[in-house]
Amino acid sequence: MSRITTILYLLLSLLPIFALSDDGYNAFVYAGCSLPHYDPGSLYESAVDSSLASLINSAVFTSYSNFTSPSTSLSALYQCRSDLPASVCSSCLRAAVSQLSALCPSAAGATIQLRACLIKYSNESFIGKPDTTLLYKKCGAPAASYGGDVIGMRDAALGTIQASGGAYRVGGAGYVQAESQCIGDLDTKECSDCVTVAVSQVRSACAYAGAGEVYLGKCYARYWANNGYHPSSSSSSYSHEDNNDETGKTLAIIIGLIAGVALIIVFLSFIRRAGSEKD
Ligand SMILES: *[C@@H]1O[C@H](CO)[C@@H](O)[C@H](O)[C@H]1NC(C)=O
Ligand SMILES: *[C@@H]1O[C@H](CO)[C@@H](O)[C@H](O)[C@H]1NC(C)=O
């Protein structure tokens with residue numbers, strides 16, 4: 001964990017293009033690039049390229065895989081949401097690799113998390129080591145706007161994922177749903193420990209929010225209130241904000257229409273007056 005502090009995580013969450021363009025399995029969550037870069041044409045570069053290619057190829061067989069290259073000290077892994085079919089995993093990893101090369105060109109280490117998959121590589125050894133470093137968090141609109149005891153349901157839903165086992169966990173209470181995913185290099189106990197930290201962090205960071213998510217080094221936990229919005233597997237957690245966007249758009253259209261009609265009336269009365277002055 002202390003070694004990883006040498007990596008500066010540039011949170012590229014300021015890239016709404018990715019977030020808006022795709023709200024499904026391949027939706028962008030966060031990415032981080034190391035400051036050190038590798039030299040173009042180096043052995044390390046070809047190790048990175050071939051490891052990413054080989055990771056994509058394993059997605060057909062498994063939702064988690066790792067790759068190490070002893071000659072260059074490169075380690076790499078991916079983790080797809082482990083309940084999803086291989087086709088979704090492959091497509092997600094492809095999208096992640098193509099975004100990674102755009103976001104973190106020649107970075108010695110990088111992490112990218114899309115909604116359904118994560119890729120991480122580094123020249124510092126990290127495979128098999130628990131890591132609860134906070135990498136990304138986001139909270140949705142206040143729960144009060146949903147009605148009902150959303151916070152109570154949230155705590156119960158998070159409780160169910162904490163109590164269950166497995167790398168991917170899903171649970172719900174009332175109309176709040178929660179899910180968590182560990183990276184496959186953690187054993188059962190390490191995964192539970194990581195989920196416990198993620199749950200307590202999302203609970204405190206998003207204390208009164210109707211949706212929230214916390215991504216740690218080796219696991220994440222998130223929850224969202226459905227309340228009439230269709231849940232889907234995607235980032236519907238922020239549908240409340242999207243809904244506000246829609247309201248804003250509608251309002252802008254109405255204001256535009258009113259302004260347009262007013263302009264026409266002014267224009268017509270001007271023509272009329274001009275006409276009557278001639279007479
Ligand atoms: C990782 O690579 C960078 C850039 O080549 C280098 O500065 C750093 O010392 C390397 N770290 C390790 C642990 O090899
Ligand atoms: C890394 O992958 C190998 C197979 O390629 C697997 O046997 C090993 O358990 C994995 N290690 C970890 C820590 O996940």
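Numbering of residues begins at 1 and proceeds along the displayed sequence. Atoms within a ligand are numbered from 1 in the order they appear, just like the ligands themselves.
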Pairs under 3.5 angstrom, nitrogen or oxygen on both sides, ligand 2 versus protein: list them out, please.
from: ligand 2; atom 1: 2 (O); to: Asn66; atom 2: OD1; distance (Å): 3.0
from: ligand 2; atom 1: 2 (O); to: Asn66; atom 2: ND2; distance (Å): 2.3
from: ligand 2; atom 1: 11 (N); to: Asn66; atom 2: ND2; distance (Å): 3.0
from: ligand 2; atom 1: 14 (O); to: Tyr64; atom 2: OH; distance (Å): 2.6
from: ligand 2; atom 1: 14 (O); to: Asn66; atom 2: ND2; distance (Å): 3.3

**Partner residues of Asp49 under the side chain to side chain contact (heavy atoms under 4.5 Å, CB included) criterion, sequence neighbours left out** = Glu45

**Request:** Only counting residues at least two apart or in another chain, list the ones meeting side chain to side chain contact (heavy atoms under 4.5 Å, CB included) with Pro85.
**Result:** Ser87, Val88

Sub-4.0 Å atoms of ligand 1 with respect to non-hydrogen atoms of [X]:
X      : answer
Pro36  : 3 (C), 4 (C)
His37  : 4 (C), 5 (O)
Glu124 : 13 (C)

**Prompt:** Are Glu190 and Lys218 close enough for a salt bridge, meaning some N to O gap below 4.0 Å?
**Reply:** no

**Message:** For Arg115, is there an ion pair with Glu213 - N to carboxylate O distance below 4.0 angstrom?
**Reply:** yes

**Prompt:** Are Leu55 and Leu103 co-members of a hydrophobic cluster defined by side-chain heavy atoms under 4.5 Å apart?
**Reply:** yes

**Those residues that, when tested against Tyr220, pass ring-ring contact (aromatic ring centres under 6.0 Å, His included) (two or more places apart)** = Tyr215

**Asked** Does the side chain of Ser69 come under 3.5 Å of the side chain of Thr72 through a donor N or O and an acceptor N or O?
**Response** yes

